[in-house]
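Note on naming: letters A, B, ... go to the chains in the order of the sequence lines (proteins, then strands), and numbering restarts at 1 for each one.
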Amino acid sequence: MPKIFALVDCNNFYVSCERVFNPKLENKPVVVLSNNDGCVVARSNEIKAMGIPMAGPYFKIKDQLDKVGAAVFSSNYSLYGDMSNRVMNILQTFCQNMEVYSIDEAFLDVSFLNKKDLEEFGRDLVIKIKQYTGIPVCIGFGETKTLAKLANEIAKKDGKNLNQFKGAFSICNQEAKEKYFSEIAVKDIWGIGRMYNKKLQELNVQTVADLISKSDGWIRSNLKLTGLKTIQELRGISCINLDDVNEAKKSIISSRSFGKEVVEYKHLQEAVASFASRVGQKLRKNKTVAGLITVYIMNNRFKEGKAFLSGSICLPTPSNYTPDLIKSSLEILDKIFVKGLKYKKAAVMVTAIQPENSIALNLFENTIQTTHKKAIIMKTFDTINKRFGSNTIQTGRESFDKTWKLKSEHRSRQFSTNWEELLEVV
DNA sequence: TCTGGGGTCCTAGGACCC
DNA sequence: TCTGGGGTCCTAGGACCC
């Protein structure tokens, strides 16, 4: 049976979350900044209309924002995460077969619907989500994920001018394809990024229609295998399946840019230890262990003389035990650290991830008893931090003053996940 | 002064094997 | 002077996504 996918995408998600709890922001220009108040990561329509780009550095556009009295927020991930869960829970009641693709997007397998009913189903969903959560969404329908993405783009653009589709659009019929394929630029296709767009411009390929008329061989040689999959998807041949959400991640990373440059080894150790600890938490949450750990340290990439240092260690036994992860991370740091550099960012990454119940014990280092003991310690650790707030307890290597800590000067309150902060509003 | 963080997949090239 | 040809595995780096 041919498939039909829906892509549900929250409009200007972080901005919309801020507006739910602060309705005065409605119809006003609003931006949300990345960690460290570095870049713009969400823009209201008013900001988009000003031509302010996504991911542009804040310091370059600050004056422009001040001039129009824009509201500026630091990222408030506990708020956005909680709002995201609410939206996803509602979607789940309408469609069990679903993939949460990102914090603000989900693919649904709606092959059970009749093609002519798609937009009506979509509009109903748009209204319900807005009613129950306050978040506006757009929905696109297509025979493949890439087409659903494209349909979603069309619904979004339409919302800014005509609003004839009322948030839901299907590209499952031939007329719609003919009309829009010749209008939409290749850069708006899911899977065509900056570099591929540049290349296509050079080859004078402008629209979706131009692109799908090319031969497979042409696409393969210019856009590689990934590009070929994208084009097949545009032709209606599904190559990208709905992902199993429960599938284990292949890598987990914790990294931060520092609020100011770090020169002291001691501070770098603290940072790396906290990133390792964070990685441990994520592994345990997924009930997984990691076999390989990698540490990166780097200086400011926008200044002269780029330095990027990294090293890896295979753990003797795959682990999610924080002290093990910290010990290995610090060993790596010791090997790669170069004195005299001004460090701007560090990261801890783990790979070779597997389910925790599948570990083959290393005869020399572990017995079932010590593994069990470690698990109990970590469980206690996680429970306390969950109950009383993250970082209530930390390992001794992580320090409590965190001189390298990032900036977050405009964060809104954690209205939906923190009682104390909600009460400040009243 | 100030430029995010967390992922995925693919490819090219090197090391090593017979 | 000649300098194969097939594999595998690993890693770094590039491209993409949100």
Inset, instruction - Round to the nearest Å and state the distance from A:K345 atom NZ to B:dG5 atom C1'. - result: 6 Å
Legend entry - Nucleotide nearest A:K60 when distance is taken to its side chain, options C:dC18, B:dT3, B:dG6: B:dT3
Inset, instruction - Taking only the side-chain nitrogens and oxygens of A:K249, find out if one of them lies under 4.0 Å from OP1 or OP2 of B:dC9. - result: no
Inset, instruction - Give a yes/no answer on whether the side chain of A:S251 brings an N or O atom under 4.0 Å of OP1 or OP2 in B:dT8. - result: yes
Inset, instruction - Respond yes when some side-chain nitrogen or oxygen of A:S75 is under 4.0 Å from OP1 or OP2 of B:dG4, and no when none is. - result: no
Legend entry - P atoms of B:dT1 and C:dC17, separation to the nearest Å: 33 Å
Name every donor-acceptor pair, under 3.5 Å, that has one atom in a side chain of residues 62-73 of chain A and the other anywhere in the protein, sequence neighbours excluded.
| unit_1 | atom_1 | unit_2 | atom_2 | d |
| --- | --- | --- | --- | --- |
| A:K62 | NZ | A:D66 | OD2 | 3.2 |

Legend entry - OP1 or OP2 of B:dG5 under 4.0 Å from side-chain N/O of A:S257: yes
Legend entry - Nucleotide B:dT3, atom P - distance to NZ of A:K62 in whole Å: 15 Å
Inset, instruction - Validate the cation-pi geometry between A:K345 and A:F258: distance from NZ or CZ to the six-membered ring centre under 6.0 Å, angle to the ring axis within 45°. - result: no
Inset, instruction - Ignoring backbone atoms, test whether A:R220 places a side-chain nitrogen or oxygen under 4.0 Å from the OP1 or OP2 oxygen of B:dT11. - result: yes
Legend entry - Closest nucleotide among B:dT8, B:dT11, C:dC18 to the A:K250 side chain: B:dT8
Inset, instruction - Anything under 30° is parallel, anything over 60° is perpendicular, the rest tilted; go ahead and classify A:F165 against A:Y180. - result: perpendicular
Legend entry - Nucleotide-level pairing of DNA chain B, given in dot-bracket where Watson-Crick and G-U pairs need both distances under 3.5 Å and | marks other strands: ....||||||||||||||
Inset, instruction - May I ask you to verify if any side-chain N or O of A:K229 is less than 4.0 angstrom from the OP1 or OP2 atom of C:dC16? - result: no
Inset, instruction - Take A:F337 and A:Y343 through the ring pair (Phe, Tyr, Trp, His ring centres under 6.0 Å) test and state the conclusion after the steps. - result: CA-CA 10 Å; A:F337 178 76; A:Y343 294 96; 5.8 Å; yes
Inset, instruction - Could you check whether A:F302 and the base of B:dT3 form a stacked pair, meaning centres closer than 5.5 Å and planes differing by less than 30°? - result: yes
Inset, instruction - Identify, with sequence neighbours excluded, every residue that meets side-chain hydrogen bond (donor to acceptor under 3.5 Å, both in side chains) alongside A:N204. - result: A:Q206
Inset, instruction - Side chain of A:Y196 only, please: which of B:dC2, C:dC17, C:dA15 is the nearest? - result: C:dA15
Inset, instruction - Assign the ring pair A:Y14 / A:Y80 to parallel, tilted or perpendicular, where the plane angle (0 to 90°) is split at 30° and 60°. - result: parallel
Legend entry - C:dG14 OP1/OP2 closer than 4.0 Å to side-chain N/O of A:R194: no
